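Structure, as C-alpha cells:
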Amino acid sequence: MALKHQAPLGTRDLLPAELARWQWAESQARGVLERYGYGEIRTPIFEDYELFARTSGESSDVVTKEMYRFTDLGDRDLALRPEGTASVARAYLERGLGGQARIHRLWYMGPMFRYSRPQKGRFRQFHQIGAEIIGSSAPGADVEMIALFVDLFEAWGFSNLTVAVNSVGTPGTRREYGERLREWLAPVASDLGGDSLQRLISNPLRVLDTKDPRDLELFDKLVRGGAPMPRMLDSLDSESREHWEQVLGGLDALGIAHRTDPGLVRGLDYYTRTAFEVHDPSLGAQSALGGGGRYDGLIEALGGPPTPGVGFSIGLDRTMMVLEQRAAGGPAVPGTIFVAAMEGTRAAAAQLTRELRREFRVDCDLESRAIGAQLKLADRAGATLVLLLGEEEWARGEVVIKSLRDGGQKVVPRAMLLEALRERLK
RNA sequence: GUGGAUGUAGCUCAGCUGGUAGAGCACCGGACUGUGGCUCCGGGUGUCGCGGGUUCGAACCCCGUCAUCCACCCCA
C-alpha cells in the first residue's frame, strides 16, 4: 500500500487495543509511586540543547549522534529530550526546590527521543517512567531507589528479578581506573578492533564490554600471561567503597536479589558510585528494561550547589513487549450496554443513549440498521446487555433488556430502567 | 553511521521456467423488513512499496529508491 504519509522512522501509533495494557501498567505504577510517597513532575519535552550536552557528557553517544537537535524560529538551540534526569535537575534548580526541603522524591513519565537506527525494542520515540531522589547521598537512598525499581516490576507481574549492580566510583577514581586499564591493555592495544580502539581513548571502561571475539581472546591471553584484569571495584576510594558495601547490605536486608556486575557501565557521564540495571533475555539484543544510578555531580555541573541524587528510568515500550508475550495486564472488560432502536424509536434511543452515558458505558448503532444487524454489532463490540426499544413496548412505557451472555430477556418499565441496569451490571 | 533479510488484500501468506493475482481469517450484504453467536449464500475491498529499464508482454528479470525487520553500535 503506497501511502502518502507514514509514521516517521522509529515512531509508531499505539492503538486502543494495545493501550489497554499501557493504561493498566501506568495505573499500577502510579499506585506504587504514590505509596512510596513520590510526587509527579512534568517537564518540557524539549529543552536547551546545552542542558543535555552538559549533563550527558560531550563525548557520549547520546550527545554526539543521537540528539534530535533543532533551531526554532527565534534561533534558539533546542533538542527533544533524550532522557528525563537532566530536565528534572534543571527544574529542581530553576524552581528552587532545594530551598523548600532538603530531600525531594520525584517521578515522571513520558516520551523520550533518540536519533538511533530502530530495531527490536529500540525506537526513536520511546517512553520512560523514572524516579529520582534529590538531596540525599545516603546509601539508604540508593537502596530505596532499587527497591522502588523492583517493586514497580513486581506490580507489573514480574517475579524473581535479579538486579545487576556495580559501583562506578567517582570521576576521579574512574579516571584512575581508566589509566590502569590502559596500562593493562597496552601490550595488545595495537591488535584491538576498531571499536575498542576508539573506546580506549574516549571511554576505556567500555573496552571491556566488547563483543568482538578477537578482543575477548586478547583479554584472555593477558590474563593467562599473569596479568589479572583490573577491576573497577578494586579502584574505589574508601568512601565509595563503604557506600558500596552499605548499599549491598541494604539490598540484602530487604531480600532484593542482586548480582554484582563489574562490567556494568552506564551510558551517561553523570553517574557516580551506584549503577544498576535489569534485563530481560526475551527482548533480543536490546534487553535492558531499565536502569539507573547515582549522579552526585549533576546538579553542581548545572551551576547549582553540590547536591547528590539517585534515580532510574524504565523503558515502557520494552516492558510492554514482555507483558504482551506473557499476555499479562490485559484489559478489564467493562460491562457495555448497547441501545438498539426500531424504526419508530430512533429519536428516543438517541436520547436514552445520551442519558445512560452519564452513568454507563453505552454503545449504539449510528446507521439506522436492521435490528438483526444491530444485535450483531452489539455482539462484536462485546456488549453484555442490549436495550431493545421496540415500538410497541416503548409506547407502553417499557424497555426490553436482553442479555447477550445467555440470550434471556425481560421487559422492564422505563421508570425502573436505571435501577435494573445497576442491578444487572454490578 | 554499518551489514543482512524482506516488501502481493485490513491481517497471515500462496503465486511453477515472465502471459496484468489467489487462499484463509477479517470485513460488508443477504437468508432472518422485531432478535446476536452457529450455518448457508453472495461480495475482492489490490497503483503486486515507488520510479525507471529489458521484453510483444513484468508481481516474477535488471538498476535505483523508499520502507520494514534483525544484527552491529549504543541503550530504554
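What's counted below: heavy atoms across the whole structure, side chains too, no hydrogens, waters or symmetry copies. What you are looking at is a predicted structure, and each value in this text was computed from that prediction instead of being measured. Letters A, B, ... are given to chains in the order of the sequence lines, protein chains preceding strands, and every chain is numbered from 1.
Residue A/E66 has its side chain nearest to B/C74 when only B/U35, B/C74, B/C70 are considered. Side-chain proximity of A/L404 to B/C28, B/C75, B/G36: nearest is B/G36. Comparing atom distances between the A/K402 side chain and each of B/A71, B/C75, B/U35 picks out B/U35 as nearest.
Taking CG from A/L352 and CH2 from A/W394, the interatomic distance works out to 5.5 Å, rounded to the nearest 0.5 Å.
Near RNA chain B, meaning a heavy atom under 4.0 Å away, the residues from residues 123-132 of chain A are A/F123, A/F126, A/Q128. Only at 4.0 angstrom or more do the heavy atoms of residues 105-112 of chain A sit from any atom of RNA chain B, so none qualifies.
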Interface polar pairs with nucleotides 24-26 of chain B, N/O, under 3.5 angstrom:
none

Report, one pair per line, the protein and nucleotides 64-68 of chain B atoms (nitrogen or oxygen only) whose separation is under 3.5 Å.
| unit_1 | atom_1 | unit_2 | atom_2 | d |
| --- | --- | --- | --- | --- |
| B/A67 | O2' | A/Q6 | OE1 | 3.4 |

Protein-nucleotides 31-34 of chain B N/O pairs under 3.5 Å:
| unit_1 | atom_1 | unit_2 | atom_2 | d |
| --- | --- | --- | --- | --- |
| B/G34 | O6 | A/E392 | N | 3.3 |
| B/G34 | O6 | A/E392 | OE2 | 3.3 |
| B/G34 | N1 | A/E393 | OE1 | 2.9 |
| B/G34 | N1 | A/E393 | OE2 | 3.4 |
| B/G34 | N2 | A/E393 | OE1 | 3.4 |
| B/G34 | N2 | A/E393 | OE2 | 2.7 |

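B/A5 and B/U68 make up a base pair, with Watson-Crick or G-U wobble contacts both under 3.5 Å.
A/E176 and A/S235 share no side-chain donor-acceptor pair at under 3.5 Å.
When the ring pair (Phe, Tyr, Trp, His ring centres under 6.0 Å) test is applied to A/F276, the partners found at least two apart in sequence or on another chain are A/F149.
Within the 4.0 Å cut-off from OP1 or OP2 of B/A71, at least one side-chain nitrogen or oxygen of A/Q119 is found.
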